Enquirer: 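Starting off with a structure, shown below.
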Number of protein chains: 2
Amino acid sequence: MNLTNTKKFDHLPDEKQQIIIDASVAEFADNGFKNASVNKIVNNAGIAKGSLFNYFKSKSLLFEYVYTLALKEVKAYLARVRDESNQDEFFTRLSKIIHAGINFIDKHPLLAKIYFRLLNSDDSPRGKKIIKELHTEAVDYLKQFIMEGIERKELSDKLNISTTAFMLEAILNRILQTYYLDLFDPESDIDKENKEWINSIVGVLKNGLSGKP
Amino acid sequence: MNLTNTKKFDHLPDEKQQIIIDASVAEFADNGFKNASVNKIVNNAGIAKGSLFNYFKSKSLLFEYVYTLALKEVKAYLARVRDESNQDEFFTRLSKIIHAGINFIDKHPLLAKIYFRLLNSDDSPRGKKIIKELHTEAVDYLKQFIMEGIERKELSDKLNISTTAFMLEAILNRILQTYYLDLFDPESDIDKENKEWINSIVGVLKNGLSGKP
DNA sequence: TTATAAAATGACCGGGTGGTCATTTAAATA
DNA sequence: TATTTAAATGACCACCCGGTCATTTTATAA
């Protein structure tokens with residue numbers, strides 16, 4: 001018994017699937033889960049409400065579907081970036097990962113919107129669980145990254161890996177959130193190539209606040 | 001012409017005011033702005049709906065009132081902590097500020113809920129504006145703090161103050177959010193005195209990732 | 001072409017929403 | 001106490017919600 005059975009939806013023509021997904025993403029991005037309107041989704045997708053509830057048994061399951069799809073995309077993208085920058089030095093690599101995140105937001109602003117909404121809103125099914133999942137995934141991703149840095153002696157071997165991953169995650173997340181907020185703020189025109197800003201952050205991370213070296 | 005005129009409400013007996021505020025805080029904390037129910041607020045406060053709309057012209061203005069009140073409380077508390085620890089060395093002081101934040105969440109869990117909801121949910125009046133305001137306030141608070149550290153030669157004078165404040169804000173915020181999530185997670189029993197954890201973070205901040213000193 | 005099965009449809013349902021206002025109750029004034 | 005003023009009330013409004021299902025349209029099989 002699979003509650004998230006989407007056999008019906010999977011057999012739809014790809015084009016129609018995409019229209020429905022796009023309408024759902026847009027609506028969830030704009031309004032979160034509870035305030036998203038199924039009526040608006042079906043209107044924008046140009047299908048009948050009955051059809052949508054034939055494909056997905058409930059609004060919750062539709063959200064799960066869209067959310068899972070989006071998460072898969074993000075993870076694949078970030079894993080690729082990490083692997084492709086395999087040869088670079090740690091802090092160069094870190095910088096590349098940050099820029100990759102910014103790049104993803106540029107390409108998928110609506111997915112970013114859903115993500116940041118999810119992060120603290122708690123209005124979606126399994127809300128808190130999802131938040132913890134995301135946090136854990138990101139930290140695990142960074143832990144591996146940090147361990148590689150230590151092995152190559154580019155990072156101090158006295159670092160507490162968990163602590164460091166936690167900090168990196170916090171900062172990365174904040175950078176992306178700031179970029180995201182500016183992106184949707186009509187008053188602000190952002191510097192798409194603000195390498196200076198990011199380099200500055202990476203620099204402080206490298207040498208610490210006391211600046212002994 | 002003051003749209004947020006609350007003369008009527010202000011002239012209520014303090015006790016009644018508090019009952020209404022408490023009911024509003026609880027409802028907004030549990031459901032965010034849009035999904036909060038005015039009906040539930042008046043039921044829990046034991047007053048008629050007409051009365052509430054007599055005190056506050058709309059749900060939005062009620063929210064503004066509650067939000068402003070809460071923000072004032074947080075700011076006063078944090079300013080007090082910063083000033084009281086005036087004599088301490090920078091990283092001791094930083095640690096104290098973090099613990100003060102945790103302490104505030106313990107004492108005012110519902111206000112914390114509203115705050116973290118606000119932070120990324122965008123479902124409240126002036127949502128995006130409020131988020132930016134909060135971020136700016138926090139960064140300004142930390143900038144002053146960092147500048148004092150530099151003046152006393154406890155921090156490197158080569159630090160970019162904006163960058164450093166940005167990073168500190170990100171980490172502080174993440175620490176508090178993690179604590180907050182654990183607090184409302186029945187499965188997790190948190191270590192209320194996890195000084196080790198916080199000291200570890202402060203240590204990494206102090207010396208940086210490359211660990212040269 | 002006709003019979004059968006599958007997919008699409010949208011009117012309809014019970015329920016909740018923020019907000020209003022005529023009416024009742026209480027307080028203040030004379 | 002009688003009269004005026006202000007505060008409290010809750011039934012009511014128009015609207016929107018997620019979800020259902022009898023009916024119609026389309027695709028498939030005979």
Side-chain angles (χ1 to χ4, degrees), chain A residues 3-21 23-67 121 123-127, chain B residues 3-21 23-67 121 123-127:
Chain A
L3 282 178
T4 52
N5 183 351
T6 55
K7 223 183 295 174
K8 295 251 182 64
F9 183 73
D10 295 336
H11 285 77
L12 250 44
D14 285 4
E15 208 175 300
K16 193 168 184 179
Q17 280 188 32
Q18 201 55 51
I19 290 175
I20 294 171
I21 289 172
S24 304
V25 165
E27 180 67 11
F28 285 129
D30 265 3
N31 304 288
F33 173 72
K34 269 195 189 167
N35 287 116
S37 159
V38 175
N39 291 318
K40 281 182 196 156
I41 291 175
V42 296
N43 282 341
N44 288 334
I47 63 171
K49 201 189 329 192
S51 297
L52 189 72
F53 280 99
N54 190 21
Y55 308 146
F56 305 94
K57 286 178 194 157
S58 70
K59 184 186 177 184
S60 293
L61 293 179
L62 168 62
F63 180 81
E64 290 272 352
Y65 185 89
V66 169
Y67 161 75
S121 76
D123 96 319
S124 24
R126 308 193 299 116
Chain B
L3 283 177
T4 50
N5 183 350
T6 54
K7 221 182 297 173
K8 295 252 182 66
F9 182 73
D10 295 338
H11 283 76
L12 251 42
D14 286 3
E15 208 175 302
K16 193 170 185 178
Q17 281 188 31
Q18 201 55 52
I19 288 174
I20 294 170
I21 289 172
S24 305
V25 165
E27 181 67 11
F28 285 131
D30 266 1
N31 304 289
F33 173 71
K34 271 195 187 167
N35 287 116
S37 160
V38 176
N39 291 318
K40 280 182 196 155
I41 291 175
V42 295
N43 282 340
N44 288 334
I47 63 171
K49 199 183 338 188
S51 296
L52 189 70
F53 280 97
N54 189 22
Y55 308 145
F56 305 94
K57 285 177 195 157
S58 69
K59 184 185 173 184
S60 293
L61 292 180
L62 168 61
F63 180 81
E64 291 275 351
Y65 185 89
V66 169
Y67 160 75
S121 77
D123 96 317
S124 25
R126 308 192 299 117

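Protein chains get the first letters and strands the later ones, always in sequence-line order, with residue 1 at the start of each. Everything numeric in this text was worked out from a predicted model, so none of it was measured.
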Enquirer: Do A:Thr6 side-chain atoms and A:Phe9 backbone N/O form a donor-acceptor pair below 3.5 Å?
Expert: no
Enquirer: Using a 4.0 Å heavy-atom cut-off across all strands, classify A:Phe56 as base, sugar-phosphate, or nothing.
Expert: nothing
Enquirer: What closest approach, in Å, do A:Ser58 and A:Phe53 show between heavy atoms, and which atom pair accounts for it?
Expert: CA-CE2, 4.0 Å
Enquirer: Rounded off to whole Å, could you give me the NZ-to-P distance for the A:Lys8 and C:dA8 pair?
Expert: 10 Å
Enquirer: Grab the NZ-P distance between A:Lys16 and D:dT26 for me, whole Å please.
Expert: 12 Å
Enquirer: Nearest 0.5 angstrom please: B:Gln17 CD to B:Ile19 CD1, how far?
Expert: 11.0 Å
Enquirer: Expressed in angstrom and rounded to an integer, what is the separation of B:Leu12 atom CG from C:dA26 atom P?
Expert: 16 Å
Enquirer: Without swapping roles, check the side chain of B:Glu27 against the backbone of B:Val38 for a donor-acceptor pair under 3.5 Å.
Expert: no
Enquirer: Nearest whole angstrom, please: distance from the C1' of C:dT9 to the CG of A:Asn43.
Expert: 13 Å
Enquirer: Does OP1 or OP2 of C:dA6 have a side-chain N or O of A:Lys7 closer than 4.0 Å?
Expert: no
Enquirer: Got a minute to check which stems DNA chain C is part of, using Watson-Crick or G-U wobble pairs under 3.5 Å, three or more consecutive?
Expert: C:4-28 with D:3-27
Enquirer: Just the rounded figure in Å: distance from C1' of D:dC17 to CD1 of A:Ile41.
Expert: 13 Å
Enquirer: Looking only at side-chain N and O atoms, does A:Tyr55 come under 4.0 Å of OP1 or OP2 in C:dA8?
Expert: yes
Enquirer: Closer than 3.5 angstrom, by distance alone: can the side chain of B:Lys59 be matched with the main-chain N or O of B:Lys34 as a donor-acceptor pair?
Expert: yes
Enquirer: Which atom names give the shortest non-hydrogen contact between B:Asn35 and B:Asn31, and what distance separates them?
Expert: CB-O, 3.2 Å
Enquirer: Specify the closest pair of heavy atoms between A:His11 and A:Lys7, including all atoms of both residues, with the distance to one decimal.
Expert: ND1-O, 2.8 Å
Enquirer: I'd like to check B:Leu62 versus B:Tyr55 (side-chain heavy atoms, cut-off strictly below 4.5 Å). Are they in contact?
Expert: no
Enquirer: Specify the separation, in whole Å, of atom CG of B:Leu52 and atom C1' of D:dA11.
Expert: 17 Å
Enquirer: Could you run down the sub-3.5 Å N/O contacts of the protein with nucleotides 17-22 of chain C?
Expert:
from: C:dT17; atom 1: OP1; to: B:Ser37; atom 2: OG; distance (Å): 3.0
from: C:dT17; atom 1: OP2; to: B:Asn39; atom 2: ND2; distance (Å): 3.1
from: C:dG18; atom 1: OP1; to: B:Ala36; atom 2: O; distance (Å): 2.7
from: C:dG18; atom 1: OP1; to: B:Lys59; atom 2: NZ; distance (Å): 2.8
from: C:dG18; atom 1: OP2; to: B:Val38; atom 2: N; distance (Å): 3.0
from: C:dG18; atom 1: N7; to: B:Lys49; atom 2: NZ; distance (Å): 3.4
from: C:dG19; atom 1: OP2; to: B:Lys59; atom 2: N; distance (Å): 2.8
from: C:dG19; atom 1: N7; to: B:Lys49; atom 2: NZ; distance (Å): 3.2
from: C:dG19; atom 1: O6; to: B:Lys49; atom 2: NZ; distance (Å): 2.6

Enquirer: If you measure from CG on B:Leu52 to CD1 on B:Ile20, what distance do you get to the nearest 0.5 Å?
Expert: 6.5 Å
Enquirer: Measure CG/A:Asn31 against C1'/D:dG18 and give the value in whole Å, please.
Expert: 15 Å
